[in-house]
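Notes to accompany the following structure.
For this chain, numbers begin at 1 and follow the sequence in order.
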Amino acid sequence: MSLAINPVSKKYFLTPIILKTKKQNNNLNYGGEISFTSSKASSAIGAQALSNAKYSQIASAKTRLGANFNPDTNTIDFKLASDNAKDVILCVFDEPQGQDPKFNIKMTKQDNSNIFETSVPINKLTDGTKPVYYGYRVFGDNWQYSDDFFNDPKSGFKSLVDKDGNRFNPNKLAFDPYSKELSHLPSDNPKGEDAFIVSGENCFEDNAKYAPKSVYVPITDTIIPKAAPRLLSEEVIGEVHIKDLSINEDVEGAGTYLGAKNMAKKLKDLGFTMIEFLPLTEFDNMQGGGNYWGYMPLGYFAPAKKYASDKSPGGALREFREMIKEFHKENLKVCMDVVYNHTGEAALVDNDINKARQFGFSLIDNQMYYKQKEGRYNSNSGCGNDLNVAQEEVMNFVADSVAFWAKQGVDAFRFDLAAGLMDTDKSEKTYYDGAKSLAGKLSEMLKQRGVKVLEPNQKGDGIYLIAEPWTCGGDNSYQIGRFTSEWAQWNDIAREAIKKDSTFPFTLTPRALRNVLEGSYDVLGGGDKSINYAYSHDGFNLVDGNAFKSAPDCWHYSTDYQGDKKRQEGAMKKQIALVLLSKGTPMLQVGDVIGHSKNGDDNSYNKDDKTNYLDFSRTQDPNSREYRICEFTKKMIDFRKAHKELREGIYNKNIQYFKPDGSYAQAWDKWYWDNVNSNIICYKITDGSDLFFSSSSDEHNIDVKLPQAKEGKSWYLVCDTSFEHPFVENDERIESNYYQSPHSLVIFQQR
């Protein structure tokens, strides 16, 4: 059936009428006239009332977009923002696929606003046991509204795309960007994902029966206890894909949020204090033949349903919250990898301006959501489109999304290709500004939404922001060190130096390694902003980076050390040690800690198989490399936790450097600091520390002279990465010199 609602003095009247449409000829028989109010006054609710609502679905009391239950009027309020839309029809369905809408409601545009809205009594939409499925048909300059639209799908058509880049097409149903859940994914329909390529051949075909729908279902508010407050530098971050984590484990819900919940204790026992999950917001895993990692997002407020063992409406969010609760119970924090630089939707097909993939944002407002010129998308992300984050509505969208997840208990956010969030130009051009952009404004915008952002050197009740400070293309795409003070940043300077120290030692100077140990102070400044790592989901992992030889032109280089297994294992341990000893916050892949190999695959983004799946059982054999790497990493993490000076010291003020002969490595000695052949660096932290370190990437044994011990104390060997089991169980006193093995890191302590 179809319903028409016509505005009369800002009040909508749903009247029984007969519509002869392209779909059906049905008599709608209500027992009288039903009035739906859509005025701004009747739908407005105070922030306090929202926070107290039993079934609050609100993402933010600031914008209040999406579908939200209004307890004052017992209605569901639908609100959609679009700068360039002229008319919007809300379509409500009983089922996610295979049916025409039961309601088609023409929404009202607020005065002097870009917000389209309508309010519908909840008992007209659901009996309380079923979800509400809905979507939008949006009209604009290139496809204008006509009262005859449901009889003539070509009515109002001007062009597929106009000179301003508008791609409105009311024959294609758009899901709500603020959806808390999607009914299904584009690839889940019988026609497959290619059905959403809009072109001249199919632009007049209605796709409402099979298009993804937004899902409204009441979800009871819940209290999520917090983990203990810590400085960011006190965290040890473990990066992992949520399915990889538990899919091979004998736990309930393996591969899901429930499975991850049941792995919390094991992750804590490995030494991690914060787990960074690869993207968890809704995405189509079959997109482009494989999108396993999830970096092509669709639903920015919806947890990916594929990771839920409970597939019932609302089940994914409930299960996600229970996972967060369990992690916090174990005093583990959760960081979400979030992707606000592009979406998994719009892209031209065959570079044809009249052939684009559309089912969401571009149908609502292509100009507002995407950077483009005359319909051709920017793609500095390398993923087909770039979000137009200089637009106010997109800024609000991002802030609302982050606030929503923070209110679900998420403790930190890692922003994929975050340099894209520094763009202040609304056109196809790009201009980066760390302070005036979304990146610079986000902290204040979140504060307005009730979420406090902590700077890296602060602790308390709040969240941390972590930037991947570059994009994949475009001018000035590398922006490390140019973010405002509240941002921590992935440090690829550390990444490259730590790897080169092992793989290509005669390309790295002591000064370069010193900068890493000091948290890249020259680039990132103070405040513990450096996220130190050697390997992440991109490129080779730890094992393969030291066991496979890459092609000469491969940016994520690796080596096999001519098949020398002992050298390979020693390099892995040394790289782990350098990550954990450098100033800032260490990040390790969970798979690296258990010695997982991808058999040389350096880009496994589309592999939903054993290439990525972790197997913790391999660490149970005391004679295995996996066991030795895991045990070493746990002890190295414990060592870091036991020594406050490794986490909070101002290294460049409280560190002394030495040459192997025991003499000071003076700051003016450029022959030493800038010489790629000076392959050893020794140092002592002077801020109340009793520790001395020596890191060698030399091919030969080096006779290292230790500093004079304090009166009444002696130096003892703590760790030598050249050993099969590096941490020394029994005290080994060192008189004055230590014969250090090639390519090793050694730690001594006075006592």
Side-chain angles (χ1 to χ4, degrees), residues 47 51 58-65 226-227 229-235 237 274 276 281 300-301 333-341 387-426 431-471 479-491 519 523-531 584-585:
S51 66
I58 200 70
S60 161
K62 177 80 174 166
T63 58
R64 296 195 56 249
L65 296 172
K226 299 283 187 180
R230 295 184 288 267
L231 294 171
L232 188 57
S233 61
E234 293 178 310
E235 308 290 354
I237 301 174
M274 177 185 286
E276 180 180 312
T281 57
Y300 287 84
F301 296 80
K333 295 183 180 180
V334 174
C335 176
M336 279 179 65
D337 195 335
V338 287
V339 185
Y340 297 112
N341 60 86
L387 269 174
N388 198 343
V389 297
Q391 292 278 9
E392 182 180 1
E393 205 57 65
V394 180
M395 288 188 185
N396 282 324
F397 173 73
V398 172
D400 285 345
S401 174
V402 175
F404 173 77
W405 292 110
K407 291 172 183 178
Q408 311 312 310
V410 177
D411 305 283
F413 297 85
R414 179 267 187 188
F415 291 75
D416 180 68
L417 302 181
L421 307 187
M422 297 174 70
D423 189 6
T424 59
D425 196 313
K426 297 178 183 179
Y431 184 81
Y432 294 116
D433 188 306
K436 296 179 181 179
S437 59
L438 170 60
K441 296 176 180 179
L442 186 57
S443 179
E444 180 60 30
M445 294 179 75
L446 289 170
K447 181 180 178 181
Q448 294 169 3
R449 290 157 171 80
V451 176
K452 182 179 180 180
V453 174
L454 300 169
E455 294 197 8
N457 59 352
Q458 296 176 330
K459 66 179 177 180
D461 186 5
I463 63 169
Y464 291 109
L465 306 180
I466 301 171
E468 183 183 35
W470 50 80
T471 62
Q479 292 289 323
I480 191 168
R482 297 186 176 96
F483 285 75
T484 48
S485 60
E486 65 270 20
W487 288 87
Q489 299 170 55
W490 269 29
N491 188 349
V523 175
L524 293 173
D528 296 318
K529 296 175 185 174
S530 181
I531 304 296
T585 305

Starting from the C-alpha separation in whole Å, work towards a yes-or-no answer on side chain to side chain contact (heavy atoms under 4.5 Å, CB included) for Ile463 and Val410. CA-CA 8 Å; Ile463 63 169; Val410 177; over 6 Å; no

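- Taking all atoms of both residues into account, the shortest heavy-atom contact from Lys529 to Leu524 is CD-O, 3.3 Å.
- Panel note: side chain Asp411, backbone Val334; a donor-acceptor pair is recorded below 3.5 Å.
- Considering only residues two or more places apart in sequence or on other chains, Leu231 meets the side chain to side chain contact (heavy atoms under 4.5 Å, CB included) condition with Ser233, Glu234, Lys459, Glu648.
- Atom CZ in Phe301 sits 10.5 Å away from atom OG1 in Thr281 (nearest 0.5 Å).
- Smallest separation of non-hydrogen atoms from Ala467 and Ala418: CB-CB, 3.6 Å.
- In this structure, Phe404 and Arg449 have side chains that are not in contact, with every pair of non-hydrogen atoms separated by 4.5 Å or more.
- Residue Met336 holds its CE atom at 7.0 Å from OG of Ser401, rounded to the nearest 0.5 Å.
- Paired with Leu465 under the rule side chain to side chain contact (heavy atoms under 4.5 Å, CB included), one option of Thr484, Leu442, Leu232 passes, and it is Leu442.
- The minimum heavy-atom distance between Glu486 and Ala439, with the atom names listed, is OE2-O, 4.0 Å.
- Within the 4.5 Å cutoff, the side chain of Lys447 has no heavy atoms near those of the Val453 side chain.
- Panel note: side chain Trp405, backbone Val338; no donor-acceptor pair is recorded below 3.5 Å.
- Aromatic ring centroids of Tyr300 and Tyr340 lie under 6.0 Å apart.
- Across all non-hydrogen atoms, the minimal contact from Ala419 to Thr471 is CB-CG2, 3.7 Å.
- Heavy atoms only, all atoms of each residue included: Cys335 and Ile466 are closest at SG-CD1, 4.4 Å.
- When the side chain to side chain contact (heavy atoms under 4.5 Å, CB included) test is applied to Asp433, the partners found at least two apart in sequence or on another chain are Thr424, Tyr431, Ala435, Lys436.
- At distances below 3.5 Å, at least one donor-acceptor pair connects side-chain atoms of Asn341 with backbone N or O atoms of Asp416.
- Legend: residues meeting salt bridge (Lys or Arg N to Asp or Glu O under 4.0 Å) with Glu468, ordered by chain and number and at least two apart, are Arg414.
- Side-chain atoms of Asn396 and Leu65, non-hydrogen and from C-beta on, never get closer than 4.5 Å to each other.
- Applying the ring-ring contact (aromatic ring centres under 6.0 Å, His included) test between Trp487 and each of Tyr464, Phe413, Phe415 identifies Phe415 as the sole match.
- Put simply, the side chain of Arg230 does not reach to within 4.5 Å of the side chain of Met274, judged on heavy atoms.
- Without hydrogens or angle criteria, Asn388 side chain to Lys426 main chain gives a donor-acceptor distance under 3.5 Å.
- Side-chain contact annotation: Thr585 with Glu235, donor-acceptor N/O pair under 3.5 Å absent.
- A salt bridge does not link Asp461 to Lys452: none of the charged side-chain nitrogens sits closer than 4.0 Å to a carboxylate oxygen.
- Residue Ser485 holds its OG atom at 8.5 Å from CG of Asn457, rounded to the nearest 0.5 Å.
- Of all non-hydrogen atoms in Gln489 and Pro469, the two that sit nearest each other are OE1-CB, 3.8 Å.
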Would Leu438 and Val398 satisfy side chain to side chain contact (heavy atoms under 4.5 Å, CB included), going step by step from the backbone distance to the final call? CA-CA 9 Å; Leu438 170 60; Val398 172; 4.0 Å; yes

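- One finds the CE atom of Met445 at 7.0 Å from the CE atom of Met395 (value rounded to the nearest 0.5 Å).
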